[in-house]
Amino acid sequence: MSTTGGPKDRDLQLMAAPEKRSLMLPPKPPSSSTSSAIVEYTPPVFKEEEEDIEIKLRRIIDNVPVRVSNTSGSSAGSGSGDFHQYRQMRRKEQDRLARMDVDYQRRKEEAEFIMRREERLKAAEERTAKRRLKRQKKKQRKRQKKSITNADGEKNKKEESSEEEEESDNEGPK
């Protein structure tokens, strides 16, 4: 057999892979100091959050392998192992959906619990504030009553002392 250099059945053909370019950034034109372009190229300015997301996306695309789980031949008929593959894929999908449902229910219950807890705390705070106000009013009334009795007591003492002075004034020079 002679080789012609062309690809044959079951031969491998090597091709140069295209260069990986960034997804969101436009290609950078070659820099030339004597550019006659009307508009100069300026790379886009990202906010910090956007730049972080860009970097994460690039890292994910570069590092995460693409997996093809359903690999079946291109022949017309199905073999004896296809049913077992189907059952396995179906079971995995059912397990995934069940985990998603359980996770959803857990998050929903947690959110409801947090909401009920906040309502209870708010109601307790309102009751506490109402009782605090009641205690403060009671204290204020007690202070006012005490100050009134003190003021009345001082007034009575002053009146008694002024009456005594008047009596002594009346009795004195006779």
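- The pair E126-K130 does not meet the salt-bridge criterion, since no charged nitrogen lies less than 4.0 angstrom from a carboxylate oxygen.
- Using a 4.5 Å heavy-atom cutoff, the side chains of K122 and E118 are not in contact.
- To the nearest 0.5 Å, atoms CD (E112) and CE (M115) are separated by 6.5 Å.
- Here the straight-line distance linking atom NZ of K146 with atom CG of N150 works out to 6.5 Å at 0.5 Å rounding.
- Atom CZ of R120 is surrounded by more than 12 heavy atoms from other residues, nucleotides or ligands within 6.0 Å.
- Here the rule is side-chain hydrogen bond (donor to acceptor under 3.5 Å, both in side chains) with E93, and of R90, R96, R91 only R96 fits it.
- Within the model, atoms OG1 of T128 and CD of E125 stand 5.5 Å from one another, a figure rounded to the nearest 0.5 Å.
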Practice prompt. Could you please spell out the steps behind the side chain to side chain contact (heavy atoms under 4.5 Å, CB included) verdict for R99 and D103?
Written response: CA-CA 6 Å; R99 281 194 311 270; D103 187 46; over 6 Å; no

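- Going from atom CD of E109 over to atom OH of Y104 covers 11.0 Å, rounded to the nearest 0.5 Å.
- The line from CD of Q136 to NZ of K139 is 8.0 Å long, rounded to the nearest 0.5 Å.
- L133 pairs in a side chain to side chain contact (heavy atoms under 4.5 Å, CB included) with only one of the listed residues (R135, R131, K137), which is K137.
- Atom CZ of residue R58 and atom CD1 of residue I60 lie 12.5 Å apart, to the nearest 0.5 angstrom.
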